[in-house]
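Note that the structure is predicted; figures quoted are calculated from it, not measured.
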Amino acid sequence: MALIPHLKLYNSLTRSVEPFVPADAGRITFYSCGPTVYDDAHIGNFRSFLAADVLKRFLQSPLCQLEGTGPGPRTVVHVMNITDVGHMTEDDVADGGGEDKMALAGRRIAEAKKSGKIPANVQIDATDPYAVAGFYAQRFLEDARQLGLLVAIEAQKDASLMPRASAFVPGMVVVIERLIARGNAYVAGSTGQRAVYFSVQSFAGYGKLSGNTLDKLREGEGGRVNAADQAGKRHPADFLLWKEDPRHIMKWESPWGWGYPGWHIECSVMSVWRAAIGRTDTPIGESLPALEQAWGALTSFTKPGSQALIDLHSGGEDNAFPHHECEIAQSCCAFNQTPAGGVFARSWFHARHLFVEGEKMSKSRGNFFTPRDLFAQGHEPAALRLELIRAHYRTNANFTMQGLADSARMVERWRKIASATTPGTTAPKARAQDVLTAFADAMHDDLNVAKAIGAVNAWLNTIATPSADDAEAIRLIDQVLGVLERPRLASQGTELAEYAPGTEPHPAIEGRLQARKAARAAKDFKASDTIRDELAALGYAIKDTPSGRVEVSRKK
RNA sequence: GGCCGCGUGCCAGAGUGGUCUAAUGGGGCGGAUUGCAAAUCCGUUUAUCGUCGGUUCGAAUCCGACCGCGGCCUCCA
């Protein structure tokens with residue numbers, strides 16, 4: 001195996017795998033485009049969040065080496081936004097208007113309560129967009145923590161790591177004003193229906209990330225661009241920074257009247273505020289006044305030349321255009337001394353989309369899973385995490401129930417090693433060192449998690465009795481993979497049986513188990529097997545244990 | 001129409017010029033164990049790498065054409 005001495009990552013900006021070299025290896029700045037909280041995040045969303053999480057973990061691991069610097073320690077300032085501003089919903093009015101997504105989500109919540117999908121005791125005002133966003137944001141954080149998303153766990157202590165767009169609108173206004181002052185944005189329309197647009201022609205680098213340079217963008221193709229909305233623009237690709245709309249469900253005050261921000265600007269503001277400028281002493285909480293200092297910093301912060309503002313920026317592959325392209329334009333024009341040639345982030349990290357059972361995931365196909373659905377069925381968070389990270393982040397991985405089961409078994413196997421306490425000897429120490437090297441080599445190679453896992457399993461096959469050294473090695477590995485540290489779902493026990501997650505004690509089951517116990521005691525195996533078949537028909541699998549109690553789980 | 005990516009066994013998924021006669025996990029098969037199962041453990045099995053052509057001493061790996069799938073160009077992880 002070729003020795004790869006430092007981390008190389010695929011950079012979407014340059015379309016090549018290159019050494020990852022942060023501006024300051026002691027403090028790496030990383031921004032991830034987070035969820036829009038108008039619905040529960042699905043496993044596809046989590047796959048890309050988790051890919052970013054593995055990257056963050058590896059950067060912080062002692063196993064990771066970066067070109068030109070020592071082994072660490074390194075801190076990764078990882079920021080992930082929560083988009084709780086509704087924005088538009090209709091395709092044909094992509095720059096504004098349409099039904100607010102939060103309003104739509106509110107209606108959906110009302111329907112879900114009616115149909116019993118959401119417990120009726122959940123107190124939530126479906127007509128209040130902030131309440132709706134808060135509801136889904138909370139659920140997102142729960143799922144994220146279950147899956148070991150470090151940024152969500154860290155945000156419990158420092159909420160500024162997961163800023164919410166709705167709290168940053170004044171900051172966005174500051175940045176939009178800056179863009180207007182620097183000649184990169186302009187106000188169109190008359191009072192009452194003003195709009196502020198970013199002028200794509202004012203930024204020479206537009207199109208560098210996606211390849212969609214201005215000469216290649218098609219104008220108004222397919223009748224999707226609303227002529228009225230286009231009228232005020234200087235160039236068809238100019239995008240919205242602010243839309244005046246005093247009647248919109250979510251609105252804020254601005255120099256351009258009451259309205260709402262465009263959907264690209266929040267990421268420029270929050271990433272620079274938290275990662276590039278650094279934290280303020282006031283973690284963001286509920287109170288807006290505490291943030292005023294930060295708005296001040298946004299007014300004056302300037303990066304020399306065309307230097308990158310942050311080290312890393314991640315998102316799903318669909319984010320590359322237009323979202324990230326627009327972020328680059330806005331951020332460089334607002335904060336770089338010389339915007340032309342600016343790239344915003346040194347390296348752009350995009351995860352490809354997840355497929356489900358070989359098909360594109362979509363609600364209409366009914367193959368749309370959320371982590372909480374799967375947890376409710378008894379699937380362990382550790383298994384789901386492993387299943388979502390085990391394929392290379394730049395392939396269209398295929399999520400299958402079979403794969404999830406595979407992952408669950410792998411987790412169990414690894415757990416045995418991790419819990420070993422037998423004292424180590426020279427041999428295990430060398431053996432453990434070998435796997436750490438192989439694991440690190442694979443991870444250095446553009447986060448080849450599949451290969452890294454292969455190395456771990458091959459190593460496992462050589463272990464007859466795991467030692468404490470082996471346990472230590474797998475713990476170090478798991479700091480990167482984040483699988484074994486996941487808490488297990490709770491099972492419920494009765495006198496007769498242990499009910500696995502996803503099942504619960506029920507008189508009908510208990511009765512059958514009691515009858516089966518009696519039959520077995522009488523050595524009437526025919527009767528006991530019949531009962532097992534009955535339970536199987538009901539969807540339960542049972543397993544006898546040495547203690548005499550029966551493990552009940554969902555039939556696979 | 002433009003730009004971009006992918007196509008490896010029954011499944012998932014590594015491998016991007018030479019022990020690849022293709023890693024690893026699952027499945028299958030055989031055995032241990034079990035009243036029987038399940039789980040676990042041990043052993044074993046399965047691919048010539050979408051198709052065709054080219055480059056090379058040598059290709060899954062590079063080049064070309066074709067077929068198939070997908071992404072972006074429009075909200076979307």
Side-chain angles (χ1 to χ4, degrees), chain A residues 1 12 15 32-36 38-39 41-52 87-95 98 101 207 210-213 215-218 220-225 237 263 314-323 325 350-355 357-362 386-388 390-410 412-413 416 438 442 445 448-461 464 519-520 523-526 528-529 532-533 536 541-546 550-551 553 555-556:
Chain A
M1 186 179 295
S12 310
R15 294 180 188 83
S32 293
C33 281
T36 301
Y38 58 82
D39 201 353
H42 53 68
I43 55 175
N45 298 317
F46 274 104
R47 158 145 130 125
S48 61
F49 299 146
L50 252 19
H87 300 298
M88 58 291 156
T89 189
E90 291 175 28
D91 290 348
D92 60 346
V93 280
D95 281 339
K101 281 179 176 169
S210 62
N212 289 327
T213 47
D215 54 307
K216 286 183 187 157
L217 284 167
R218 305 171 86 197
E221 190 62 32
R224 281 167 168 151
V225 178
W263 76 285
S314 76
E317 58 173 322
D318 54 291
N319 274 159
F321 190 90
H323 186 50
E325 197 71 76
H350 290 108
R352 290 198 145 256
H353 280 179
L354 183 71
F355 282 56
E357 305 288 355
E359 291 192 309
K360 194 175 167 179
M361 180 164 44
S362 72
L386 181 58
E387 177 63 7
L388 292 176
R390 70 201 266 217
H392 192 97
Y393 72 91
R394 281 193 295 116
T395 63
N396 288 117
N398 189 14
F399 176 88
T400 59
M401 293 314 271
Q402 176 62 252
L404 186 56
D406 289 0
S407 293
R409 296 182 69 160
M410 222 185 286
E412 285 310 312
R413 229 179 137 201
K416 281 184 194 164
D445 182 14
N448 194 335
V449 177
K451 191 175 179 183
I453 288 173
V456 172
N457 284 325
W459 162 68
L460 244 56
N461 290 335
R520 292 184 74 213
K523 299 226 184 290
D524 182 356
F525 295 121
K526 200 171 177 185
S528 73
D529 289 349
R532 179 164 54 208
D533 291 343
I542 58 171
K543 170 181 158 185
D544 295 314
T545 67
V550 180
E551 282 182 29
S553 59
K555 198 163 162 52
K556 299 262 154 59

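- Residue contacts shown for A:K555 are absent, as no nucleic acid heavy atom lies under 4.0 Å away.
- You'll find the side chain of A:L354 reaches within 4.5 Å of the side chain of A:I43, heavy atoms only.
- Side-chain contact check for A:R390 and A:S407: at least one donor-acceptor pair (N or O, by modelled atom type) lies under 3.5 Å.
- Here the nucleotide nearest the side chain of A:R352, chosen from B:A37, B:G70, B:C72, is B:G70.
- Residues A:A41 and A:F46 approach most closely at CB-CE1, 3.5 Å, considering heavy atoms.
- Nucleotides B:U46 and B:G13, compared at atom P, are 22 Å apart to the nearest Å.
- Distance noted for atom P between B:U56 and B:G71: 39 Å (whole Å).
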Expected string for nucleotides 10-24 of chain B under the B/S/- scheme (protein heavy atoms, under 4.0 Å, primed atoms plus P, OP1, OP2 as sugar-phosphate) is --SSSS-------BS
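- With hydrogens and angles ignored, a donor-acceptor pair under 3.5 angstrom links the side chain of A:R532 to the base of B:A37.
- The structure places CD1 of A:I453 at 13.5 Å from NZ of A:K451, a figure rounded to the nearest 0.5 Å.
- The separation of B:C69 from B:G26, taken at their P atoms, amounts to 33 Å, rounded to a whole angstrom.
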Nucleotide by nucleotide, nucleotides 45-51 of chain B touches protein heavy atoms under 4.0 Å in the pattern (B base, S sugar-phosphate only, - none) -------
Going through the checks in order, is the side-chain contact (heavy atoms from CB on, under 4.5 Å) test met by A:R394 and A:H350?
CA-CA 7 Å; A:R394 281 193 295 116; A:H350 290 108; over 6 Å; no
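- Checking A:G211 against A:H353, the closest nucleotide of RNA chain B that is more toward the 5' end is the one next to A:G211.
- Exactly one of A:R352, A:E387, A:H353 qualifies for a side-chain contact (heavy atoms from CB on, under 4.5 Å) with A:R47. That residue is A:R352.
- The same atom, C1', is picked in B:G9 and in B:C20; the two are 14 Å apart, to the nearest Å.
- Taking only distance into account, the side chain of A:D544 meets the base of B:C36 through a donor-acceptor pair shorter than 3.5 Å.
- Residue A:L354 places its side chain closer to B:A77 than to any other of B:C75, B:A77, B:A38.
- For B:G71, the OP1/OP2 oxygens have a side-chain nitrogen or oxygen of A:K360 closer than 4.0 Å.
- Among the heavy atoms of the strands lying under 4.0 Å from A:F355 are primed sugar atoms or P, OP1, OP2 only; no base atom is included.
- A:R409 has a side-chain polar atom (N or O) that falls below the 4.0 Å cut-off from OP1 or OP2 of B:U40.
- RNA chain B is contacted by both A:R394 and A:R47; A:R394 maps to the nucleotide lying nearer its 5′ end (nearest heavy atom per residue).
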Note, RNA chain B 5' to 3' with Watson-Crick or G-U pairs under 3.5 Å encoded as ( ), [ ], | and . gives ((((((((.[[[..)..(.....]]]((((((.......))))))....[[[[[..)....]]]]])))))))....
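- Between atom OG of residue A:S48 and atom CG of residue A:N319 there is a gap of 8.0 Å, rounded to the nearest 0.5 Å.
- Nearest nucleotide to the A:T36 side chain, out of B:A77, B:A37, B:C41: B:A77.
- No engagement by A:S553 is indicated, since no non-hydrogen atom pair under 4.0 Å with the nucleic acid exists.
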